[in-house]
Amino acid sequence: MTDVQAMRPHEEATEAPLPADATLAFIGRIRTPWAAREDCPRQGSLDGPECRIELAPPWDAALDGIERYERIEVLYWLHRSRRDLLRQNPSHGPAARGTFSLRSPVRPNPIGTSLARLVRREGPVLVVRGLDCLDGTPLIDLKPDRCAYTPVAPERDGPKA
Ligand code: SAM
């Protein structure tokens with residue numbers, strides 16, 4: 001379901017046809033304490049509350065080795081966003097700006113990314129801190145933090161993959 005939210009002054013939408021969904025495979029769900037957008041943090045914090053990333057089979061098997069990493073990049077589909085705004089009003093400013101100059105969830109392909117701290121793995125579930133999304137948000141990918149490939153890697157043990 002995509003919510004079409006009311007537009008604010010000076011915003012501009014396109015009438016170009018937008019796909020109902022992307023050709024992406026949702027690989028799990030994210031469980032967070034937030035049921036409403038207004039309750040979510042604007043950006044996650046590494047000392048935020050524990051959230052659960054639940055991998056759906058067969059993708060749970062793809063978690064093998066992830067425990068090596070202290071931080072992981074989480075990519076998710078902001079499924080409750082409208083997708084048609086070219087210009088929008090950031091909540092923190094008076095003037096409308098181009099969508100691509102903002103990290104707003106409202107974008108043509110509403111992909112959200114957060115750097116999360118991996119607290120522990122419980123089988124097909126990763127317990128993390130650092131997310132900012134609604135409970136039930138679809139998961140689209142997980143990657144080790146790209147800093148893990150630099151000499152200051154926060155990698156816990158073992159060779160870099
Ligand atoms: N950290 C991500 C990023 O920078 O790509 C997302 C940032 S976005 C500003 C976070 C906000 O998106 C939340 O505060 C909430 O208002 C909204 N949001 C969270 N989950 C959502 C979802 N599943 N669908 C639509 N909006 C969502």
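Remember, it's 1-based here, ligands and their atoms both numbered in the order they're listed.
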With heavy atoms and a 4.0 Å threshold, my read on which part of Gln43 contacts ligand 1 is side chain
Please indicate whether any nitrogen or oxygen in Cys133 is less than 3.5 Å from any nitrogen or oxygen in ligand 1.
-> no
Nearest option to atom 9 (C) of ligand 1, as decided by whichever heavy atom of Arg82, Arg42, Arg80 sits closest = Arg42
Would you mind telling me if ligand 1 is within reach of the side chain of Tyr76, the backbone, both or neither, using heavy atoms under 4.0 Å?
-> side chain
The residue among Gln88, Glu11, Arg107 that forms side chain to side chain donor-acceptor pair (under 3.5 Å) with Thr99 is Gln88
Can you tell if the side chain of Val119 reaches within under 4.5 Å of the side chain of Glu50, non-hydrogen atoms only?
-> yes
State whether the shortest distance between N or O atoms of Pro105 and N or O atoms of ligand 1 falls below 3.5 angstrom.
-> no
Is Glu67 paired with Arg121 through a side-chain N to carboxylate O contact shorter than 4.0 Å?
-> yes
Any N/O pair Thr137/ligand 1 closer than 3.5 Å = yes
With no hydrogens and no angle check, do the side chains of Ser114 and Arg129 hold a donor and an acceptor under 3.5 Å apart?
-> no
Verify, without hydrogens or angle tests, whether Asp84 (side chain) and Ala13 (backbone) share a donor-acceptor contact under 3.5 angstrom.
-> no
With heavy atoms under 4.0 Å as the rule, classify the contact between Pro41 and ligand 1 as side chain, backbone, both or neither.
-> backbone
Any N or O of Arg103 that comes nearer than 3.5 Å to an N or O of ligand 1?
-> yes
Short version for Cys40: what comes under 4.0 Å of ligand 1, heavy atoms counted, is both
